[in-house]
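Report on the following structure.
Numbers restart at 1 for each chain; the letters A, B, ... are given by sequence-line order, proteins then strands.
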Amino acid sequence: MSQDRPSVNASERRDRPARRSRPAEGRVAAITGACTFLGTELCRRLEEDRRYAKILVLDVRQPPLPADPDSKLIFYSVDLTQPTVDDELATLLDREGVDTVVHGAFLSHPTHAQEWAHELEDVGTMHVLNACAEVRPPRLVMVSTTMIYGAHPQNPNFLTEAAELRGHRDSRFVNDKVRAEKQALRFARDNPATAVATLRFAPMLGPTVSNMFTRLLSRQFLPVMMGHDPLLQFVHEQDAAWALKLAVDSDAEGPFNIVGKGVLPYSTVLAMMGRVPLPMPYLAARQLLKALWATQIVQSPPSLLDYLLYLCVADGARARRELGFAPRLSIKRTIHDFLGLAPEDDATDVTRATG
Amino acid sequence: MAHDDPPDAPELGDDDPAVPDGGWSDAWPGDEDVFLGEEASVPPGDYGSIPSTMPGHDIDDVELRELERRIESHRTPVYPLDARRSMPMQFVWRRWRQLAMMGRSDVVDDFGRDPRATARWEPLLELLYTRWFRVETSGLEHVPGRGAALLVANHAGSLPYDSAMIVHAIRRDHPSRRDVRPLIEDAIFHLPWLGPLVNRIGGVRASPDNAERLLERGELVAVFPEGVKGMGKLFRDRYRLQRFGRGGFVKLALRSGAPLVPVAVVGAEEAQPMLGKITWFARSVGIPYVPITPLFPWLGPAGLLPLPSKWTLRFGEPIDLAKQYGPEAADDRLLVNRLADQVRAQIQQMVDDIRTQRRSAFR
């Protein structure tokens with residue numbers, strides 16, 4: 001965004017009615033974090049949707065989408081880690097008349113650049129919410145994850161949206177997302193003009209998505225906490241993208257868990273994938289991973305081992321009720337897709353697959 | 001050979017005006033205003049016009065490699081599968097998967113019960129039920145054949161053999177062979193190896209949320225309201241029922257409308273008679289106490305095997321609390337506590353009756 005554009009008068013912006021409803025045609029959407037998997041998928045889907053006239057693609061670089069001269073996508077380079085980006089963002093949203101903001105600029109992998117990650121996720125969310133408080137778009141959708149509930153021994157088998165956001169006592173990767181989510185909840189309370197929805201996605205798995213879980217499960221040898229075997233939950237990448245599109249289209253408010261169909265124990269997931277489990281005692285594994293993390297040999301902080309120790313499974317009933325999202329692919333099919341096994345390869349018995 | 005070369009082909013290492021060699025400070029025009037804190041003005045992704053002077057890499061190669069890199073980076077690297085495709089070791093991995101999937105199925109229910117694992121442990125439960133404890137079961141007709149119900153039982157022993165026997169009795173002898181979901185306290189549920197095993201064969205962590213969800217699904221839920229207090233009582237206090245928690249099971253029954261079925265278990269106290277317990281050491285390893293029985297810890301893990309006591313299970317008349325008091329009574333704390341104590345007294349009475357009728361604890 002160029003610096004020399006005049007900022008729109010703040011009081012002028014605030015004189016709007018309390019809640020505009022979005023027009024049926026000619027909507028304008030803005031997507032932060034458009035280079036993430038969900039952002040790119042949403043760009044694709046919104047471009048095909050005739051209700052949306054213009055889509056602002058905001059990220060530090062162009063998402064890998066085909067360049068089409070009469071595309072509805074307009075790319076703006078926006079870096080959410082810049083200290084005054086909220087003003088620039090407000091000007092841009094106001095000038096383009098954006099009525100739908102999708103905030104998806106979150107990291108899918110933990111990183112050693114933890115201060116930068118904090119600036120991007122926690123402070124970046126603040127910037128986006130500041131801009132939204134100024135412009136008051138009728139719709140704001142934020143991407144989040146079920147990891148913010150935290151893996152805890154006291155968790156029930158299915159965490160509803162009302163469950164406490166425990167995060168993790170020493171994981172900045174998770175706690176930044178918790179803080180972003182709490183900011184969004186506070187924003188929704190203070191700004192009734194905007195219908196805010198946060199989508200808490202279960203770990204995404206699929207043939208194209210790349211995140212910490214796909215990276216972990218792509219290894220041949222995986223750590224297993226000795227004597228512990230929690231139930232895991234995944235959501236297929238296409239189901240996740242579909243859910244995000246549904247949420248952008250609807251006006252339902254509040255947090256929603258977006259989860260796949262079914263759960264499986266970690267050991268069964270490994271067995272289905274043909275991976276070799278490496279059982280290790282939790283305390284030793286934690287110390288080892290701490291050392292490897294401190295020396296920057298591995299990319300996973302030790303706190304994430306807790307998700308292999310205790311349950312963190314969410315309940316998707318609210319999304320089914322209010323968004324109309326019911327996952328189409330079971331966890332077994334999701335794992336097959338991740339492995340690249342066609343369902344006709346071996347629909348019923350993965351043990352006979354030759355992949 | 002030099003005369004065969006075209007006259008104006010540049011030689012390697014030839015001076016190229018685009019790339020300065022040595023003395024770079026006077027080769028860049030106006031280098032004094034480079035790096036004054038401004039952002040690079042090259043638009044992202046537009047690097048096509050920068051010429052490369054490296055040998056053998058013309059612009060097409062660069063673009064091709066960039067394309068390849070992009071394609072590769074947008075694809076999840078399924079490393080083992082790729083490696084396996086190129087290696088003639090498919091039969092090894094196929095065998096490994098078969099081996100790994102042995103005794104487990106690829107579908108579990110929402111609470112983690114694995115049908116194949118359950119079937120695998122069934123013979124052991126059958127052995128315990130018929131040969132070891134010689135369980136005598138009565139009153140199974142009081143357990144409803146369909147719909148939600150709450151089985152409330154007394155609790156004893158360090159390991160939950162009593163819940164296993166209740167589950168097995170109903171699966172084996174009840175006309176509709178229902179599956180019971182016992183609620184397991186955290187002390188057992190989070191024990192290494194035992195906890196996951198209990199979960200695979202049907203146990204659910206004891207929490208109000210889980211119980212409510214199970215009852216909503218119309219399942220048969222077994223609860224042990226004494227909890228750890230019941231498991232941890234000494235042999236001299238045997239069959240003296242402890243406080244029934246905080247009456248959570250009564251609230252559940254009132255809210256969900258499920259009938260309560262009182263269950264008396266006699267024999268479990270003698271299967272693992274607890275002579276004493278160590279608590280100071282146990283807290284640090286995350287269990288409530290270390291039991292001392294005639295066999296444990298003297299015989300090591302083998303000491304956790306139960307003694308062959310003679311067991312009796314008795315299912316009592318169902319109590320329909322919701323019909324008597326209505327679901328709003330769940331908020332009346334005094335009433336909830338009174339009802340919990342009534343149920344406790346009833347089970348205590350059933351236990352006492354069985355104990356006066358039986359001849360000996362082991363025959």
Side-chain angles (χ1 to χ4, degrees), chain A residues 60-62 64 75 77 153-160 163 205-210 214-215 217-220 225-231 262-265 267-268 270-277 281-282 310-311 313 315 330-332 335 338-341 348-355, chain B residues 39 43-46 70-71 73-85 90-112 114 116-117 186 189-197 199-200 204-214 286:
Chain A
V60 289
R61 63 179 170 90
Q62 290 257 23
F75 173 71
S77 176
Q154 305 289 326
N155 277 351
N157 272 52
F158 289 94
L159 292 152
T160 60
L205 219 56
T208 58
V209 68
S210 167
T214 60
R215 197 172 60 185
L217 293 171
S218 296
R219 305 169 69 91
Q220 180 65 69
M225 299 301 104
M226 254 182 183
H228 289 270
D229 194 10
L231 297 172
V263 292
L264 272 181
S267 62
T268 302
L270 296 192
M272 280 175 77
M273 292 187 176
R275 309 296 197 241
V276 183
Y282 172 67
Y310 297 121
L311 197 70
V313 170
D315 175 26
S330 68
I331 183 166
K332 188 172 148 190
I335 289 172
F338 170 66
L339 291 177
L341 298 176
T348 51
D349 188 2
V350 75
T351 60
R352 281 181 24 246
T354 54
Chain B
E39 299 260 18
D46 187 10
R70 287 192 182 182
I71 290 171
S73 68
H74 285 106
R75 168 176 166 276
T76 313
V78 190
Y79 146 67
L81 275 179
D82 285 357
R84 266 176 254 164
R85 286 204 174 98
Q90 287 178 357
F91 70 98
V92 173
W93 291 113
R94 205 159 58 217
R95 184 63 66 184
W96 166 255
R97 276 199 202 174
Q98 281 174 353
L99 218 66
M101 285 302 286
M102 249 170 59
R104 59 173 90 236
S105 61
D106 50 11
V107 177
V108 302
D109 85 341
D110 285 353
F111 290 86
D114 183 334
R116 213 174 273 179
D186 284 2
F189 196 82
H190 291 307
L191 269 187
W193 290 289
L194 187 68
L197 169 65
N199 189 214
R200 282 312 92 74
V204 177
R205 193 184 86 84
S207 92
D209 288 356
N210 286 348
E212 221 170 306
R213 201 172 280 270
L214 284 168

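- If you measure heavy-atom distances from B/D186 to chain A, the contacts under 4.5 Å come from the side chain alone.
- In this structure the side chain of A/N157 never reaches within 4.5 angstrom of the side chain of A/V313, judged on heavy atoms.
- Among residues two or more places apart in sequence or in another chain, the side-chain hydrogen bond (donor to acceptor under 3.5 Å, both in side chains) test is passed with B/D209 by none.
- Here A/S267 pairs with A/D229, B/R104 under the side-chain hydrogen bond (donor to acceptor under 3.5 Å, both in side chains) rule; sequence neighbours left out.
- Side-chain N or O atoms of B/R116 include none that pairs as donor or acceptor with a backbone N or O of B/D106 at under 3.5 Å.
- Looking at A/D315, the atoms closer than 4.5 Å to chain B (heavy atoms on both sides) all sit in the side chain, from C-beta outward.
- In this structure, chain A has a heavy atom under 4.5 Å from the backbone of B/D109, while its side chain stays farther away.
- When heavy atoms are compared at a cutoff of 4.5 Å, B/L191 approaches chain A solely by way of its backbone atoms N, CA, C and O.
- Using a 4.5 Å cut-off between heavy atoms, A/Y282 makes no contact with chain B at all.
- A donor-acceptor distance shorter than 3.5 angstrom exists from the side chain of B/D114 to the backbone of B/S105, with no hydrogens or angles considered.
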